[in-house]
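Take a look at the structure below.
Lettering of chains follows the sequences in order, A, B, ..., and the numbering in each one begins at 1.
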2 protein chains.
Amino acid sequence: MSDHERDKPETGEPFLADYLQFLLATASGLASHSFHVQAAAAGVSVAEWRVLACLSDCDGQSVTELARLAQMEQSRLTRVIERMDNRGHVTRKRCRDDRRKVHVWLTGQGAGIARDLVARARAHETEFIESCLSPAEGRRLKALLVKLIERAGKGKVHAIRR
Amino acid sequence: MSDHERDKPETGEPFLADYLQFLLATASGLASHSFHVQAAAAGVSVAEWRVLACLSDCDGQSVTELARLAQMEQSRLTRVIERMDNRGHVTRKRCRDDRRKVHVWLTGQGAGIARDLVARARAHETEFIESCLSPAEGRRLKALLVKLIERAGKGKVHAIRR
DNA sequence: CTTAAAAAAATGCATATTCATATTTTTCTT
DNA sequence: AAGAAAAATATGAATATGCATTTTTTTAAG
């Protein structure tokens with residue numbers, strides 16, 4: 001432990017180990033990290049993967065919808081999409097009905113990459129869950145998360161099925 | 001819905017709504033967002049908040065330990081810490097026993113800010129859980145996350161109690 | 001005991017991100 | 001119907017981040 005007193009009695013109870021937000025962030029990072037490495041090896045950044053995954057589930061979303069679903073700040077998403085557009089992975093079209101909006105679609109190439117990554121993500125998920133939870137626990141965890149998201153995010157999960 | 005065919009039959013099953021990694025990231029974002037706004041109002045960025053929280057639980061960690069616990073890339077953490085050092089929120093000292101390492105401590109001022117934010121975070125957590133889950137569900141969710149982290153992260157949660 | 005390999009932290013530089021704001025279009029008010 | 005307010009994107013400029021590399025120190029190998 002060395003010379004530093006790493007354990008001087010901090011005021012009060014231990015915090016992080018029982019703090020939901022920390023547990024969620026940590027679990028999220030652990031669960032995703034090795035897949036993100038795979039995606040990077042395929043030339044796709046985390047932000048781009050999120051866009052691909054969202055569009056693969058529901059193509060043609062607007063920038064704002066996509067930003068919400070992919071948890072990205074709007075101007076950041078605009079630029080992520082721009083790069084993906086330049087590489088030919090997505091296309092944008094201004095909406096006819098509401099010309100403020102811009103909808104985003106996967107191109108053929110983008111859809112191919114997305115299909116491939118989604119398949120790998122599914123496999124990775126299975127493997128990951130097996131590595132740390134029983135199947136029943138995995139299901140319970142997902143169910144709790146869905147409920148949390150439904151209630152806290154006002155139907156964010158269902159939004160993707162529209 | 002407009003003129004865009006938002007629902008062209010994408011190949012295969014819906015993906016995100018049942019993808020653990022997406023559910024975790026989304027839940028994490030929803031759970032933390034409004035607290036992060038509070039922290040920002042107090043002049044503390046998300047990265048800084050994580051450092052404060054980690055040190056408040058276990059002061060004097062090394063840069064690498066802290067990076068792991070706070071889920072930050074090492075060189076990023078080095079610079080976050082540097083800024084916090086300049087503002088007088090933390091201090092760094094090279095380790096006597098292993099002079100490669102640099103340990104980080106809260107200053108008096110930093111500790112004050114941390115105490116305040118930790119208290120607010122606890123309150124926010126309580127309020128958040130109440131808003132979307134029953135107390136029992138909250139406990140079960142935490143327990144599942146702890147298990148996941150223990151198994152997938154090789155004791156990451158316990159690491160903070162050392 | 002000497003040299004090679006590994007570990008920890010810092011840094012340069014290219015790129016990405018954020019924040020505030022501008023622009024365009026739509027919706028609301030009266 | 002006119003004008004104000006709101007909504008959706010985009011963009012400029014300051015800042016932050018990631019990646020590869022460097023430096024220093026420690027550990028391992030022969």
Side-chain angles (χ1 to χ4, degrees), chain A residues 1-4 6 29 32-33 36-37 39-51 60-87 89-105 159, chain B residues 1-4 6 29 32-33 36-37 39-51 54-55 60-87 89-105 159:
Chain A
M1 170 74 37
S2 88
D3 57 332
H4 313 288
R6 300 276 300 287
S32 298
H33 179 266
H36 289 166
V37 171
V44 175
S45 73
V46 173
E48 287 161 357
W49 155 240
R50 286 192 174 148
V51 169
Q61 293 184 79
S62 74
V63 170
T64 299
E65 291 169 325
L66 215 45
R68 180 172 134 90
L69 198 58
Q71 309 235 68
M72 270 191 251
E73 195 265 336
Q74 175 262 315
S75 75
R76 179 185 176 192
L77 178 63
T78 289
R79 294 191 237 235
V80 169
I81 284 172
E82 191 164 26
R83 282 169 247 158
M84 295 176 79
D85 191 341
N86 293 336
R87 289 180 206 160
H89 294 178
V90 301
T91 42
R92 294 177 277 184
K93 252 179 279 182
R94 196 160 281 280
C95 179
R96 278 204 212 83
D97 301 325
D98 183 342
R99 305 191 39 70
R100 293 171 301 182
K101 294 183 180 174
V102 169
H103 290 263
V104 187
W105 278 270
Chain B
M1 172 69 51
S2 88
D3 55 334
H4 313 288
R6 298 276 299 287
S32 298
H33 180 267
H36 289 166
V37 171
V44 175
S45 74
V46 172
E48 288 161 358
W49 154 239
R50 287 193 174 146
V51 169
C54 291
L55 292 180
Q61 293 184 80
S62 73
V63 171
T64 300
E65 291 169 324
L66 215 44
R68 179 172 134 91
L69 198 58
Q71 310 234 64
M72 270 190 250
E73 195 266 335
Q74 176 262 313
S75 73
R76 178 184 177 193
L77 179 62
T78 289
R79 295 191 239 235
V80 169
I81 284 172
E82 190 163 27
R83 282 170 246 158
M84 294 176 79
D85 191 342
N86 293 337
R87 288 180 207 157
H89 293 177
V90 301
T91 42
R92 293 176 279 182
K93 251 179 282 189
R94 196 160 280 279
C95 180
R96 277 202 213 85
D97 301 325
D98 184 341
R99 303 191 39 69
R100 292 171 301 182
K101 294 185 180 173
V102 169
H103 291 262
V104 187
W105 278 271

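- You won't find any donor-acceptor pair under 3.5 Å spanning the side chain of B/Glu82 and the base of C/dA10, going by distance alone.
- Atom NZ of A/Lys93 and atom P of D/dT9 are 15 Å apart (whole Å).
- Residue A/His103 contributes atom NE2, which lies 7 Å from atom P of D/dT9 at whole-angstrom precision.
- Atom-to-atom distance recorded for B/Arg68:CZ and B/Gln61:CD is 10.5 Å, nearest 0.5 angstrom.
- When the nucleotides D/dT9, C/dT24, C/dA16 are ranked by their closest atom to the side chain of A/Arg100, C/dT24 comes out on top.
- Distance, A/Met84 CE to C/dA16 P: 13 Å, rounded to whole Å.
- Here the nucleotide nearest the side chain of B/Thr64, chosen from D/dT9, C/dA9, D/dA8, is C/dA9.
- For the OP1/OP2 pair of C/dA10 and a distance below 4.0 Å, the side-chain nitrogens and oxygens of B/Arg92 include at least one atom meeting the criterion.
- Note that CZ of B/Arg96 is 10.0 Å distant from CZ of B/Arg99, once rounded to the nearest 0.5 Å.
- Of the two residues near DNA chain C, A/Asp98 and A/Glu73, the one whose nearest nucleotide lies more 5' is A/Glu73.
- The shortest distance between the side-chain N/O atoms of A/Arg79 and the OP1/OP2 oxygens of C/dC19 is not below 4.0 Å.
- As rounded to whole Å, 15 Å separates atom P of D/dA16 from atom CD1 of B/Ile81.
- Look at A/Thr78 and you won't find any side-chain N or O under 4.0 angstrom from OP1 or OP2 of D/dT9.
- Judged by distance alone, the side chains of A/Gln74 and A/Thr78 do bring a donor and an acceptor atom under 3.5 Å apart.
- When the nearest nucleotides of DNA chain C are assigned to A/Val80 and B/Val102 by heavy-atom distance, the more 5′-ward of the two goes with B/Val102.
- Nearest heavy atom pair, residue A/Ala67 against residue A/Leu77, reads N-CD2, 3.3 Å.
- Projected onto DNA chain D by closest heavy-atom contact, A/Arg76 and A/Lys101 fall at different nucleotides, the more 5' of which corresponds to A/Lys101.
- In this model, the phosphate group of D/dA10 is not approached by any side-chain N or O of A/Ser75 to a distance below 4.0 Å at OP1 or OP2.
- D/dT15 atom C1' lies 13 Å from atom CD of B/Glu48, rounded to whole Å.
- Looking at A/His89, its side chain never comes within 3.5 Å of a backbone N or O of A/Met84 through a donor-acceptor pair.
- The nearest whole Å value for the distance from the CZ atom in A/Arg68 to the P atom in D/dT9 is 14 Å.
- Following rounding to the nearest Å, A/Leu77 (CG) and D/dT9 (P) show an atom-to-atom distance of 9 Å.
- Rounded to whole Å, atom C1' of C/dA10 lies 16 Å from atom CE of B/Met72.
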